[in-house]
Amino acid sequence: MKNTGLSAGMMLAFAAYASFSISDAYSKLLAGRIDPFEVAFFGGVFGLLLIPFVRGKNESYRDLFVVRQPMMWLVRALSTFAATAASVEAFMLLPMPEAFSLIFLMPLFVTILSVVLLREKVSTLGWLSVIVGFIGVLIVLRPGLRALQFGHLCALIAAVANAVGVIAYRMSGPNTPRLSMFSSSLCGPLLGNGALMVAHAGWPQGATIWMFLFGYGFLAALGQLLMMLAATRATASAIALPQYSQMLWAVAFSFYVFHEPLDGWTFVGIAVIIASGLFKWAYPRLSGRMAFLRRQTVAQPL
């Protein structure tokens, strides 16, 4: 990993999550205008435009068609297909903060899968963070006090599928070409959503529809590219932290674009979700700093 500065990596991550959030808003703008599977399919089509920028310095375009670990490639393709289809449906049916709150359960599923499949050890702080985040989701949704819809199930499926994709990336190893990884994330939505949209889809009509489709697909792929760049400039924990900025985007879009009312409990739940991530990121650094100060104090002569 290049040591080019933590701030550069975090700024790239903020830009990536902004791209993802705006992309999700475009998919929501297409609600009622076009089939969700068709939205996800054309998202993959416009994502092809970024292939030249994804290619590594020593990679060939032939790596797009190289499948070195067929099982992991297939898992990545299927998980990306499920995540894109389910998230498009979720954002079409739900207010953005509600959809994001469920999609933010991904760290919980990643933690569980990493323990079961990768035999990784998770600290007590790690478990505490995901549990507090889950409590925040419950505050936002308040099951039992309000009806859960099909959109909530879709957001949950998206969270699980994204978590499976993360585990598949880890199991692929560091030597898998970036183009091979990117091709799996494109082939899944293109083939899966392409097959499912046949029965209901029609050719998109109007410049507005095409603009929204382009915005959804291109920005989603741009977010993936920015995350790849961020990963070369900062640690995984550092680039994960800006993900919580998506909640701010979601609230802004809900108010100013979609005019969806949000109650006070929704904001409380969002605050709990964000606090769980901030605490997990900040606590080790504060503990390390305090331990260093204590050692300095002990070492100083009286």
Side-chain angles (χ1 to χ4, degrees), residues 19-20 23-24 26-28 30-31 33-55 59-93 103 106 109 113 150 153-173 176-204 209-210 212-225 227-228:
S19 293
F20 290 140
S23 170
D24 293 329
Y26 273 120
S27 70
K28 189 171 180 63
L30 289 164
R33 305 186 186 205
I34 189 171
D35 183 79
F37 295 120
E38 192 172 0
V39 174
F41 170 79
F42 278 105
V45 170
F46 288 118
L48 295 172
L49 297 174
L50 282 172
I51 286 179
F53 303 97
V54 175
R55 184 170 67 98
E59 291 182 6
S60 168
Y61 285 112
R62 287 176 295 182
D63 288 326
L64 282 168
F65 310 102
V66 173
V67 181
R68 296 182 179 175
Q69 298 186 53
M71 183 57 68
M72 287 301 101
W73 191 96
L74 182 61
V75 170
R76 291 198 305 270
L78 291 174
S79 62
T80 308
F81 154 61
T84 53
S87 63
V88 168
E89 186 73 41
F91 284 112
M92 285 185 172
L93 296 175
I103 291 174
M106 183 187 74
F109 297 122
L113 290 175
F150 180 63
L153 175 61
C154 290
L156 187 62
I157 291 173
V160 174
N162 280 323
V164 171
V166 169
I167 297 299
Y169 277 119
R170 290 186 185 178
M171 295 180 72
S172 297
T176 302
R178 290 195 310 188
L179 281 178
S180 178
M181 290 188 180
F182 195 69
S183 69
S184 66
S185 65
L186 287 179
C187 285
L190 285 172
L191 297 178
N193 292 301
L196 291 175
M197 78 177 191
V198 171
H200 307 286
W203 189 253
I209 299 294
W210 282 108
F212 290 167
L213 286 172
F214 174 79
Y216 165 72
F218 183 80
L219 289 173
L222 178 62
Q224 293 288 349
L225 174 60
M227 285 301 295
M228 288 182 184

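Note that these values count all heavy atoms, side chains included, but never hydrogens, waters or copies made by symmetry.
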Undergrad: Identify the two heavy atoms, one from I209 and one from R33, that lie closest to each other, and give their separation to 0.1 Å.
TA: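 For I209 versus R33, the nearest heavy atoms are CD1-CD, 3.5 Å.
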
Undergrad: Are any non-hydrogen side-chain atoms of E89 and I157 less than 4.5 angstrom apart?
TA: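 Contact flag for E89/I157 side chains = no.
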
Undergrad: Side chains of Y216 and V88: does their closest heavy-atom pair fall under 4.5 Å?
TA: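 Yes; the side chains approach each other to less than 4.5 Å.
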
Undergrad: Could you pull out the closest heavy-atom pair between N193 and F41, with the gap in Å?
TA: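 Looking at all heavy atoms of both residues, the closest pair is CB-N, 3.8 Å.
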
Undergrad: Are side-chain heavy atoms of L191 and F81 found at a separation under 4.5 Å?
TA: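 No, side chains not in contact.
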
Undergrad: Measuring from N162:CG to T80:OG1, what's the distance to the nearest 0.5 Å?
TA: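 Reported value, rounded in 0.5 Å steps: 8.0 Å.
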
Undergrad: Check A90 against A155 and note the closest heavy-atom contact, atom names and distance.
TA: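 Closest pair (atom of A90, atom of A155, distance): CB-N, 3.6 Å.
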
Undergrad: Out of curiosity, L74 CG to S79 OG, how far, rounded to the nearest 0.5 Å?
TA: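 Those atoms lie 9.5 Å apart.
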
Undergrad: Give the minimum heavy-atom separation between A220 and S23, together with the two atoms involved.
TA: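 Where A220 meets S23 most closely, the heavy atoms are CB-OG, 3.5 Å.
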
Undergrad: Measure across A168 and R76 and return the closest heavy-atom pair with its distance rounded to 0.1 Å.
TA: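 Taking every non-hydrogen atom into account, CB-CG, 3.6 Å.
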
Undergrad: To the nearest 0.5 Å, tell me how far L222 CG sits from F53 CZ.
TA: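 Rounded to the nearest 0.5 Å, the CG-CZ separation comes to 9.5 Å.
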
Undergrad: How far does CG of L225 sit from OG of S19, to the nearest 0.5 angstrom?
TA: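 Here the interatomic distance stands at 9.5 Å.
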
Undergrad: How far does CZ of F20 sit from CG of L219, to the nearest 0.5 angstrom?
TA: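 Answer for the CZ-CG pair, F20 versus L219, is 10.0 Å.
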
Undergrad: Which value, rounded to the nearest 0.5 Å, describes the distance between D24 atom CG and F91 atom CZ?
TA: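 Reported value, rounded in 0.5 Å steps: 3.5 Å.
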
Undergrad: Who passes ring-ring contact (aromatic ring centres under 6.0 Å, His included) against F214, sequence neighbours left out?
TA: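 If we apply the ring-ring contact (aromatic ring centres under 6.0 Å, His included) test to F214, skipping adjacent residues, the hits are F46, F218.
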
Undergrad: Do you know which two heavy atoms are closest between F42 and P204, and how far apart they sit?
TA: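 That closest heavy-atom pairing would be CE1-CG, 3.8 Å.
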
